[in-house]
Structure formats: structure tokens, C-alpha cells
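Some notes on the structure that comes next.
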Amino acid sequence: MISTAFDYSRATSVDDALAQLGANKGEGKLIAGGHSLVPLMKLRLSEPKMLIDIARIPELSGIRQNGSAIEIGAATVHHDVATSALLKDACPMLTEAAGSIGDQQVRNRGTLGGSLAHADPAADYPAVMLALDAEVRLKGPKGARTVKAADFFQGLFTVDLAADEIIVSVSFTPVKSAAYAKLHQRASHFAIVGVAAALQVSGGTIQSARVGLTGASSHATRLSTVEQALAGKPLNQQSITDAARDAGAGVDDINADIHASEEYRRAMIAVFTERALSAAMARA
Ligand SMILES: Cc1cc2nc3c(=O)[nH]c(=O)nc-3n(C[C@H](O)[C@H](O)[C@H](O)COP(=O)(O)OP(=O)(O)OC[C@H]3O[C@@H](n4cnc5c(N)ncnc54)[C@H](O)[C@@H]3O)c2cc1C
């Protein structure tokens with residue numbers, strides 16, 4: 001199927017993109033990499049009259065150190081995240097997650113902001129953003145606002161983002177002792193189960209942990225029972241194995257589809273939670 005007819009315009013700045021969204025009165029849609037939007041248009045699940053291209057807006061691109069935080073522009077493509085020397089050193093979980101997305105073509109076009117806005121239940125970045133406790137920075141006609149990742153992902157393809165707003169960047173304090181592990185679909189590389197785990201360790205004790213899960217249910221979520229089980233425990237394999245054992249037990253609404261049954265996904269949540277935590281421990 002081909003999409004319905006649309007016009008195309010390239011925005012030159014965030015304010016220009018916002019002005020164009022406003023001028024099109026709900027009929028315009030932002031396009032970044034197009035790797036999620038274009039398939040929807042071809043299925044006629046999305047029928048924008050105007051595509052506003054934000055892929056080449058300079059202020060939306062790049063990975064920068066901002067004091068103790070790292071900020072990534074929303075139009076930064078997955079390849080640039082996967083190969084960033086800054087991120088490889090300071091936050092290797094994020095480079096390994098980005099490098100596991102799709103194939104080279106997808107990574108060369110797809111963007112961080114597009115992935116977060118689209119919020120596919122099997123997307124990789126949402127779990128990582130939860131584990132990093134990242135902030136999503138938005139701009140709209142009423143000004144700028146910041147949303148915690150934990151509040152951003154709300155449901156199936158549903159996020160805290162209005163139709164007239166744009167994701168400008170994400171910001172987070174990098175964590176070195178963190179890792180991402182996923183069981184992926186062989187064709188697309190989307191997560192059947194993906195787990196991002198970040199540990200805060202001091203003197204051989206796990207002070208706290210943040211564990212994000214994707215692929216398993218309607219939207220990415222924190223594995224709070226695992227996090228609670230790890231807090232205050234010695235940093236060793238036994239603590240991790242004990243905490244991960246029932247990781248899938250507390251997750252409601254586990255998906256079942258042609259790729260995996262509910263039972264299999266639940267079992268894999270435990271397996272991949274242990275793998276992500278073990279890899280995070282190795283970096284601590
Ligand atoms: C074959 C294939 C394999 C894939 N495999 C994976 C995988 O393994 N893991 C994974 O996580 N993803 C995967 N993806 C998805 C890919 O990462 C997409 O690129 C990504 O989800 C969307 O990014 P985009 O820049 O292409 O967004 P687009 O398709 O351009 O836009 C998607 C949606 O986000 C909105 N949007 C885009 N940017 C912004 C912004 N800055 N602010 C507000 N709204 C915005 C658009 O209006 C649209 O509604 C795959 C895609 C394909 C085609």
C-alpha cells in the first residue's frame with residue numbers, strides 16, 4: 001500500500017518546526033528518521049497532510065557533556081550514539097543498546113527522539129532511559145518542560161508528549177556500572193525482552209539499582225521488586241541471582257505474540273535481568 005498524499009517541508013530550527021506544527025492545525029507531523037512513521041503511513045495508520053522534517057536541525061543533534069550530565073539531541077541517529085567515544089567511556093550501556101538496534105541502515109537514519117516519541121513496546125532506548133533515570137526535554141507553544149523517563153512512558157505507543165510539542169533532547173547522569181541485555185527478534189532486532197540495569201555501588205555494597213524492562217509488556221517499565229531486592233546487598237553473583245530469580249513475577253500484562261508466549265517471555269525476563277546485572281557488576 002502507498003501512503004495518502006502529503007506535503008513536505010524541512011524545518012530550520014526548533015521554533016520553526018513548532019511554528020509549522022501550529023500552522024498545520026493538527027494535520028502536520030514531525031518526521032526525523034522516518035523508520036517508524038513511514039511504515040505507519042504506508043499502512044495508512046497515520047495520514048498526515050504535512051511532514052515537517054526535523055532531521056537536519058543543528059540544535060537537535062549531538063552528544064555533549066553538560067557539567068556532570070550528558071545531553072543528547074533528539075535527532076541524533078542511533079549510529080552516532082553507538083559509536084560515541086564519550087558515551088563508550090562514561091555510559092557503555094547506552095552505546096551497546098544503540099548498537100543493537102535494527103541494522104546499519106536503521107541505525108544510520110533512526111533517531112533517539114523518534115524512538116522515544118514512537119514508544120514501540122519493543123524499542124530498546126526506553127528501558128535504558130528508565131535505568132538512567134533520564135530527563136526528556138520538550139518544547140511546545142507554551143514553552144519548555146522536562147519529564148522524567150519514569151513518567152514519560154505511559155502505555156502502548158503512548159507518552160507524555162502533546163501533538164504540538166517536540167522532544168529537544170534527553171539528559172542524564174552517566175552510569176558506568178550499567179549494562180543492557182536483550183533477547184531480540186532475528187529479523188528486526190526489536191526486543192522480545194530487553195533489560196537495562198544500572199548499579200550504584202560503594203565499598204562492595206549495592207547502594208541502589210535501577211532496572212528498566214522493555215519488550216515484555218505494553219510499555220517500558222522499572223522492575224522495582226528487583227531493585228528493592230538488590231539495595232543494600234553485597235555486590236556479588238549470589239545477590240544478583242537471588243534478585244533476578246523472580247524478576248518476571250511482578251510484571252502484569254505480559255505480551256504473547258508470534259515471537260514468544262507469555263510464559264516464555266516471563267522466563268526470559270529473569271534470564272536477561274541476571275545477564276544485564278552480571279554485566280553491570282563486571283563494570284563496577
Ligand atoms: C527494520 C527495522 C528494524 C528496527 N529495529 C529496531 C530495534 O531493534 N530496536 C529499536 O528500538 N527500534 C528499532 N526500529 C525502530 C527504529 O529505531 C526507528 O528509527 C525509531 O523507532 C524511530 O525513530 P525515527 O527517527 O525513525 O522516527 P520517525 O519514524 O521519523 O518518527 C516516529 C514518530 O516520532 C515522532 N517524532 C520523531 N522525532 C520527534 C521529536 N524529536 N519530537 C517529537 N516527536 C518526534 C514522529 O512524529 C513520529 O510520530 C526498527 C525499525 C525498522 C524499520
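In what follows, residues are counted from 1 in the order of the sequence shown. Read the numbers this way: they start at 1 and go in the same order the structure lists the ligands and their atoms.
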Taking only heavy atoms of [X] into account, list the atoms of ligand 1 that are under 4.0 Å away from them.
| X | value |
| --- | --- |
| G110 | 19 (O), 25 (O), 26 (O) |
| A74 | 41 (N) |
| I31 | 30 (O) |
| H35 | 18 (C), 19 (O), 26 (O), 29 (O), 53 (C) |

Are any of the N/O atoms on [X], whether in the backbone or the side chain, positioned under 3.5 angstrom from an N/O atom of ligand 1?
| X | value |
| --- | --- |
| V106 | no |
| G102 | yes |
| I54 | no |
| D124 | yes |
| A117 | no |
| A122 | no |
| E165 | no |
| F190 | yes |
| T111 | yes |
| L30 | yes |

Checklist entry - Do any pairs count as a side-chain hydrogen bond (donor to acceptor under 3.5 Å, both in side chains) and have a residue in residues 23-41, sequence neighbours left out, and if so which ones? => result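 Residue pairs with at least one partner in residues 23-41: there are none.
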Contact between ligand 1 and [X] is defined here as a heavy atom of the residue under 4.0 Å from a ligand atom; is it met?
| X | value |
| --- | --- |
| K182 | yes |
| D120 | no |
| H78 | yes |

Next on the checklist: Give me the atom names and distance for the closest heavy-atom approach of S46 to L37.
Outcome noted: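 Distance-wise, the nearest heavy atoms are OG-CD1, 3.7 Å.
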Item to check | Heavy-atom nearest neighbour of atom 8 (O) of ligand 1 within options R107, R109, H189, Q105 | outcome: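 Closest candidate by heavy-atom distance is H189.
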Next on the checklist: Using the salt bridge (Lys or Arg N to Asp or Glu O under 4.0 Å) criterion, which residues pair with R265? Sequence neighbours excluded.
Outcome noted: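 By the salt bridge (Lys or Arg N to Asp or Glu O under 4.0 Å) rule, R265 matches D257.
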